[in-house]
Amino acid sequence: MKTQIFCLVFLFISVAQGLNPKCDTQDHGSTLQVFHIYSQCSPFKPSKPLSWEEDMLSMLAKDQARLQYLSSLVAGKSVVPVASGRQIVQSPTYIVRAKIGTPPQTMLMAMDTSNDAAWIPCNGCIGCSSKVFNTAKSTTFNTLGCHAAQCKQVPNPTCGGSACVFNMTYGSSSIAGNLSRDTVVLATDLIPSYTFGCLQKTTGKSVPQQGLLGLGRGPLSLLSQTQHLYKSTFSYCLPSFRSPNFSGSLRLGPKGQPIRIKYTQLLKNPRRPSLYFVNLIGIRVGRRVVDIPPKALAFNPSTGAGTIFDSGTVFTRLVEPAYVAVRNAFRRRVKVANVTSLGGFDTCYTVPIVAPTITFMFTGMNVTLPQENLLIHSTAGSITCLAMASAPDNVNSVLNVIANMQQQNHRVLFDVPNSRLGVARERCT
């Protein structure tokens with residue numbers, strides 16, 4: 001026999017003894033009486049009657065305390081909206097709004113997990129877009145000199161007068177700027193004296209138009225400069241590159257991160273210390289594990305080989321032996337004879353296809369990708385391609401890159417203190 005228990009919870013209960021004589025103390029079959037907190041007979045009623053004004057102020061004070069309590073529950077949950085730059089600034093990167101300087105100037109900065117220092121185009125920059133940060137209008141802006149410790153942490157520093165000047169390449173472009181410092185606001189968090197590059201010259205077309213926010217692991221990255229605030233922990237959900245609004249999110253700090261999420265270990269590579277390496281142990285097409293030479297997936301600190309998660313690369317790149325094996329397995333499962341190419345994509349179809357899933361198998365974690373993370377379609381919809389390619393034949397030819405299209409509509413969590421990376425399916429488009 002099932003036992004059913006019914007509970008009725010009252011906020012204020014008092015034994016019917018010693019009450020106000022005006023109160024009803026007749027026997028109602030129970031020695032317990034229930035009162036409203038402000039009733040004539042409530043033991044919580046003030047001994048001296050409150051005026052209407054005092055009563056309202058008392059309730060307002062209680063509400064204020066309640067709101068402070070509720071705020072404490074979400075303290076530290078800093079969420080920055082994320083959008084596809086393709087729709088807003090015609091860039092393949094993902095962007096966040098950052099407010100720079102005093103008074104603040106809003107810049108749409110590209111998120112990049114494989115770079116450290118942030119940089120933005122400043123007034124007077126040669127080759128930059130029309131949207132620049134006006135340093136003269138910020139009362140908290142400062143240029144750092146060569147004596148500053150941060151000057152040793154930027155690539156190729158030189159002294160241009162009293163300023164610390166740096167030069168670096170980004171993709172197929174080059175940039176030069178002065179190392180600077182100013183207030184940065186992300187979400188509602190004010191970060192004073194944030195060190196970044198104030199660009200003075202750019203060449204090429206791959207430089208994000210309104211700057212870059214470095215989320216790597218180096219000394220000038222957001223993680224390093226805000227360790228006290230965010231504890232070197234963040235996650236993001238990238239919306240579809242076709243999404244026209246800021247529907248994605250960058251969550252900063254350990255609070256508010258997903259609990260139900262699978263992890264794989266983060267690896268350190270001294271040759272490429274800023275990158276987020278993980279151990280990719282296999283790839284499955286459909287239900288079958290692809291036969292890939294172990295060396296193609298192996299993590300090798302001495303050569304820089306291995307697999308990384310990267311928010312700045314658009315399409316996943318696999319070293320040639322791994323890509324060829326996955327591509328061939330994909331073609332066999334699709335079973336369409338006529339395979340064409342489109343630019344750098346060599347597995348394209350002019351007829352509708354049903355694509356198999358592809359699963360990346362990491363130590364302790366599998367990530368299975370549906371069609372939306374695997375296929376790109378031409379504007380007219382007449383061509384469909386596998387959205388992966390072979391690694392370029394250059395310095396990165398030993399690197400497997402899990403790129404942002406394959407990460408779309410997933411929560412990717414970077415927990416640096418615990419050396420782990422987590423992935424969970426999450427719709428944010």
Side-chain angles (χ1 to χ4, degrees), residues 70-84 93-97 111-114 186-189 213-217 221-224 226-241 243 245-267 275-281 284 307-313 316 357-374 401-429:
L70 294 174
S71 296
S72 71
L73 297 180
V74 296
K77 296 181 182 178
S78 300
V79 181
V80 185
V82 174
S84 167
T93 59
Y94 281 86
I95 57 175
V96 296
R97 290 190 186 96
M111 290 188 341
D112 195 333
T113 55
S114 296
L186 292 172
T188 57
D189 297 334
L213 183 65
L215 297 173
R217 304 166 80 173
S221 73
L222 178 69
L223 269 66
S224 297
T226 60
Q227 284 185 8
H228 66 290
L229 190 61
Y230 302 132
K231 313 300 181 187
S232 297
T233 303
F234 71 96
S235 72
Y236 56 65
C237 182
L238 305 178
S240 166
F241 64 86
S243 180
N245 50 39
F246 283 81
S247 60
S249 62
L250 169 65
R251 293 181 188 169
L252 300 168
K255 293 185 179 180
Q257 300 295 356
I259 298 175
R260 294 185 177 181
I261 189 169
K262 292 184 178 180
Y263 291 97
T264 188
Q265 182 184 3
L266 276 175
L267 308 174
L275 305 184
Y276 292 99
F277 280 88
V278 291
N279 190 24
L280 179 63
I281 58 176
R284 198 166 59 213
T307 302
I308 67 168
F309 272 74
D310 179 46
S311 66
T313 303
T316 287
T357 59
I358 292 182
T359 301
F360 292 116
M361 305 165 67
F362 305 96
T363 303
M365 175 184 78
N366 289 345
V367 178
T368 299
L369 302 177
Q371 287 197 27
E372 67 179 85
N373 293 96
L374 296 175
V401 181
I402 310 300
N404 63 40
M405 180 171 176
Q406 281 63 52
Q407 296 178 51
Q408 289 173 10
N409 290 309
H410 289 80
R411 174 67 55 181
V412 184
L413 172 57
F414 299 79
D415 183 356
V416 176
N418 293 305
S419 296
R420 59 185 187 175
L421 181 148
V423 180
R425 186 75 176 158
E426 180 180 320
R427 194 78 181 172
C428 60
T429 293

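One is the number of the first residue; the rest follow in order along the sequence.
A donor and an acceptor atom, one from each side chain of Asn418 and Tyr263, are nowhere located under 3.5 Å apart. Asn409 and Thr429 form a side-chain donor-acceptor contact under 3.5 Å, judged by distance and modelled atom types alone. Arg411 and Ser249 are linked by a side-chain donor-acceptor pair at a separation below 3.5 angstrom, with hydrogens and angles left out of the test.
At least one side-chain heavy atom of Asn279 sits under 4.5 Å from a side-chain heavy atom of Leu267. The shortest distance between side-chain heavy atoms of Tyr94 and Gln408 falls below 4.5 Å. With a 4.5 Å cut-off on side-chain heavy atoms, Gln407 and Tyr236 count as touching. Using a 4.5 Å heavy-atom threshold, the side chains of Val367 and Gln406 count as separate. Annotation: side chain of Leu186 is not in contact with side chain of Ser78 (no heavy-atom distance under 4.5 Å).
Here the closest non-hydrogen pair linking Thr313 and Ala403 is O-CB, 3.1 Å. Of all non-hydrogen atoms in Leu222 and Leu215, the two that sit nearest each other are CD2-CD2, 3.5 Å. Taking every heavy atom of both residues into account, Ser243 and Ser84 meet most closely at O-CB, 4.0 Å. When all heavy atoms are compared, the tightest approach of Ala83 to Asn245 is CB-O, 3.6 Å. When every heavy atom of Asn366 is checked against every heavy atom of Thr359, the shortest pair comes out as CB-CG2, 3.9 Å. Scanning both residues, Thr368 and His410, for their nearest heavy atoms gives O-NE2, 4.4 Å.
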Using the side-chain contact (heavy atoms from CB on, under 4.5 Å) rule, take Tyr230 and Leu223 through it: C-alpha gap first, then chi angles, then the decisive distance, then the call. CA-CA 7 Å; Tyr230 302 132; Leu223 269 66; over 6 Å; no

Run the numbers on Thr233 and Leu413 for side-chain contact (heavy atoms from CB on, under 4.5 Å), then give the verdict. CA-CA 8 Å; Thr233 303; Leu413 172 57; 4.0 Å; yes

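Taking CG of Leu266 as the start and OG1 of Thr264 as the end, the distance is 8.0 Å to the nearest 0.5 Å. Here the CG-CD1 distance, from Leu213 to Ile95, works out to 12.0 Å after rounding to the nearest 0.5 Å. A distance of 8.5 Å separates CZ in Phe234 from CG in Leu252, rounded to the nearest 0.5 Å. In this structure, Thr316 OG1 and Ile358 CD1 are separated by 9.0 Å, a value rounded to the nearest 0.5 Å. Between the OG1 atom in Thr307 and the CG atom in Leu275 there is a gap of 11.5 Å [rounded to 0.5 Å]. The distance from the CG atom of Leu374 to the CE atom of Met405 is 7.5 Å, given to the nearest 0.5 Å.
Aromatic rings of Phe309 and Phe362 (six-membered ring for Trp) have centroids within the 6.0 Å cut-off, being under it.
Within a 6.0 Å sphere centred on CZ of Arg284, other residues, nucleotides and ligands contribute more than 12 heavy atoms.
No donor-acceptor pair under 3.5 Å is formed between the side chain of Ser114 and the backbone N or O of Asp310.
Paired with Asp415 under the rule salt bridge (Lys or Arg N to Asp or Glu O under 4.0 Å), one option of Arg420, Arg251, Lys231 passes, and it is Arg420.
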